Amino acid sequence: MLSDALLDWYDRHARTMPWRIGPADRKAGQIPDPYRIWLSEVMLQQTTVAAVRDYFHRFTTRWPTLTDLASAKDADVMAEWAGLGYYARARNLLKCARVVTDEYDNKFPGKYTELLKLPGIGPYTAAAISSIAFDAPETVVDGNVERVMARLFNIHTPLPAAKMPLTEKAALLTPQKRPGDYAQAVMDLGATICTPKNPACGICPWHDPCVARAEGTQAELPKKMPKKPKPTRFGIIYIARRDDGAFLLETRPDKGLLGGMLGWPGSDWTDAPEENPPLDADWRTLDAEARHTFTHFHLRLTVQIAYVGLNATPTRGEFIELHAFQSSSLPTVMRKAFDLTAGEWPKS
DNA sequence: TACGCGTGGAA
DNA sequence: TTTCCAAGCGT
């Protein structure tokens with residue numbers, strides 16, 4: 001059985017992660033906490049393990065249980081998520097926590113079809129929670145699994161059209177035995193052996209049955225449709241510092257880019273942004289610009305700063321006291337802009 | 001089906 | 001410097 005060979009490999013090579021119950025612990029009867037599995041899987045959507053570790057630790061320290069998270073303030077959760085990206089995940093995280101608390105008696109459902117109904121939980125995450133936390137034989141299909149299946153069965157159809165056939169292959173391999181360990185094993189295989197570049201076929205537990213390896217096509221799989229080039233957009237942001245040290249910030253609208261996050265007031269991000277400072281002041285443009293790349297465009301931000309008086313009345317945003325402000329609560333692009341202001345505030 | 005939606009590390 | 005890419009979801 002292919003799955004047995006993979007589980008044997010996993011028993012020997014499973015990586016330690018803060019949210020993971022290892023194969024030895026599972027055999028001793030330990031079951032993962034669905035809350036921690038859910039939280040980690042949402043954080044891991046399109047995000048590397050290295051990036052998630054610290055965030056997972058901070059979240060579980062601050063909100064140890066689902067109830068704690070469900071009763072948290074939105075702004076606190078968004079601030080804690082700042083820097084991790086894809087902020088709709090954080091908004092849906094809170095929605096999901098509150099739905100499970102209010103409508104599911106505080107317990108995550110274990111069934112794939114029930115999980116799929118919850119905010120922020122799609123096909124991958126539903127299968128991951130169901131298999132890893134509840135040991136149901138569901139099939140996880142993430143980018144790793146797609147790559148492993150494309151190579152194992154030498155499928156040359158480009159993604160995303162190949163998604164269905166790859167999912168079918170993955171489903172045929174999913175065992176009834178140890179489904180939670182198997183789900184993590186096949187993803188670990190993709191993350192550590194069957195890597196996008198230079199796969200380590202020589203030490204792969206599926207070396208022999210792998211068709212792409214036999215044909216020598218592993219390096220070119222999975223095929224992908226060409227990506228669109230990223231345009232460059234421009235913007236202006238305004239960083240106002242009140243005489244008492246407070247900064248003028250605004251909470252961005254819930255929908256769209258950086259939705260629900262704290263940010264500096266500014267222009268739209270377009271080919272030719274318009275000046276529209278949030279208050280009248282002696283604005284000074286910094287020499288350096290903040291550069292940042294989002295999923296679908298490059299951004300070059302001009303940063304303007306000003307000192308303003310204690311009675312300043314902005315047209316938008318609100319002043320946040322110095323003691324209540326941490327740049328770590330900002331999404332990265334906003335933090336980059338703020339970092340440019342270091343040393344730019346003359347002593348008065 | 002295609003697109004919007006972040007970020008940081010590797011090459 | 002630029003491009004690629006990593007445990008996807010919602011619309």
Side-chain angles (χ1 to χ4, degrees), chain A residues 15 17-20 36-56 78 81-93 95-96 115-129 131-133 138-148 158-164 167 170 180 182-192 194-198 219 222 224-233 252-261 263 269 290-300 328 330-336:
Chain A
R15 296 179 293 169
M17 298 185 206
W19 48 85
R20 174 173 285 178
R36 292 167 64 89
I37 297 302
W38 162 71
L39 178 61
S40 66
E41 289 299 339
V42 172
M43 287 182 167
L44 286 163
Q45 289 167 5
Q46 300 287 283
T47 309
T48 59
V49 169
V52 164
R53 281 186 190 276
D54 289 349
Y55 283 86
F56 180 81
M78 299 311 288
W81 195 276
L84 197 56
Y86 284 134
Y87 298 101
R89 294 185 295 173
R91 302 194 301 271
N92 285 328
L93 193 78
K95 282 187 199 167
C96 183
L115 286 161
L116 198 54
K117 296 176 186 172
L118 296 169
I121 296 183
Y124 163 75
T125 306
I129 296 171
S131 62
I132 296 170
E138 302 292 348
T139 303
V140 295
V141 183
D142 67 346
N144 285 312
V145 177
E146 289 175 354
R147 184 172 57 256
V148 169
L159 287 166
K163 177 91 180 175
M164 277 306 300
T167 299
Y182 176 83
Q184 293 172 92
V186 65
M187 291 190 285
D188 268 22
L189 185 73
T192 63
C194 197
T195 49
K197 295 175 182 175
N198 304 313
K224 296 187 178 179
M225 293 295 284
K227 295 177 179 173
K228 289 184 177 177
K230 291 183 194 332
T232 298
R233 297 184 192 168
R252 300 170 61 88
D254 247 1
K255 293 188 175 180
L257 192 63
L258 309 179
M261 298 300 291
W269 297 344
R291 292 194 177 206
H292 191 74
T293 298
F294 293 102
T295 315
H296 52 298
F297 66 95
H298 303 289
L299 179 64
R300 294 169 58 172
S328 62
L330 298 174
T332 298
V333 61
M334 298 294 176
R335 184 184 52 73
K336 281 184 183 176

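All values reported here derive from a predicted model rather than from experimental measurement. A note on names: the letters A, B, ... follow the listed sequences, proteins ahead of strands, and every chain is numbered from 1.
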Identify the heavy atoms of [X] and [Y] that sit nearest to each other, and give their distance.
| X | Y | answer |
| --- | --- | --- |
| Val52(A) | Met43(A) | CG2-O, 3.3 Å |
| Arg15(A) | Arg20(A) | O-NH1, 3.0 Å |
| Arg53(A) | Pro18(A) | NH1-CD, 3.2 Å |
| Trp19(A) | Ile37(A) | O-CD1, 3.4 Å |

So which one's nearest nucleotide on DNA chain C is more toward 5', Arg291(A) or Ala191(A)?
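Looking at DNA chain C, the more 5' nearest nucleotide goes with Arg291(A).
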
With heavy atoms under 4.0 Å as the rule, sort Met17(A) into base, sugar-phosphate or nothing.
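Result for Met17(A) = base.
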
In the structure I gave you, are the side-chain heavy atoms of [X] and [Y] within less than 4.5 Å of one another anywhere?
| X | Y | answer |
| --- | --- | --- |
| Tyr86(A) | Gln46(A) | yes |
| Leu115(A) | Thr125(A) | no |
| Met187(A) | Leu44(A) | no |

Could you state the [atom1]-[atom2] distance from [X] to [N], rounded to the nearest angstrom?
| X | N | atom1 | atom2 | result |
| --- | --- | --- | --- | --- |
| Leu93(A) | dC9(C) | CG | P | 13 Å |
| Leu44(A) | dC9(C) | CG | P | 12 Å |
| Trp38(A) | dC9(C) | CH2 | P | 14 Å |
| Met225(A) | dA2(B) | CE | P | 7 Å |

Between Lys224(A) and dA6(C), is there a contact of a side-chain N or O with OP1 or OP2 at under 4.0 Å?
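The answer is yes; a side-chain N or O of Lys224(A) sits under 4.0 Å from OP1 or OP2.
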
Side-chain N or O of Lys230(A) versus OP1/OP2 of dT2(C): is the shortest distance under 4.0 Å?
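No, Lys230(A) has no side-chain N/O under 4.0 Å of OP1/OP2 on dT2(C).
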
Where along residues 121-129 of chain A does a heavy atom fall under 4.0 Å from DNA chain C?
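Ile121(A), Gly122(A), Pro123(A), Tyr124(A), Thr125(A), in order of number.
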
Answer with yes or no after comparing the ring centroid distance for His296(A) and Phe294(A) against a 6.0 Å cut-off, counting only values under it.
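Centroid separation for His296(A) and Phe294(A): 6.0 Å or greater.
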
Expressed in whole Å, how much space separates the P atoms belonging to dT11(C) and dG6(B)?
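Each nucleotide's P atom is 14 Å from the other's.
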
Which residues satisfy the side chain to side chain contact (heavy atoms under 4.5 Å, CB included) test with Thr195(A), sequence neighbours excluded?
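If we apply the side chain to side chain contact (heavy atoms under 4.5 Å, CB included) test to Thr195(A), skipping adjacent residues, the hits are Pro199(A).
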
With sugar-phosphate taken as primed atoms, P, OP1 and OP2 and all else as base, the protein-contact string of nucleotides 3-10 of chain B at under 4.0 Å (heavy atoms; B, S, -) is SSBBBS--

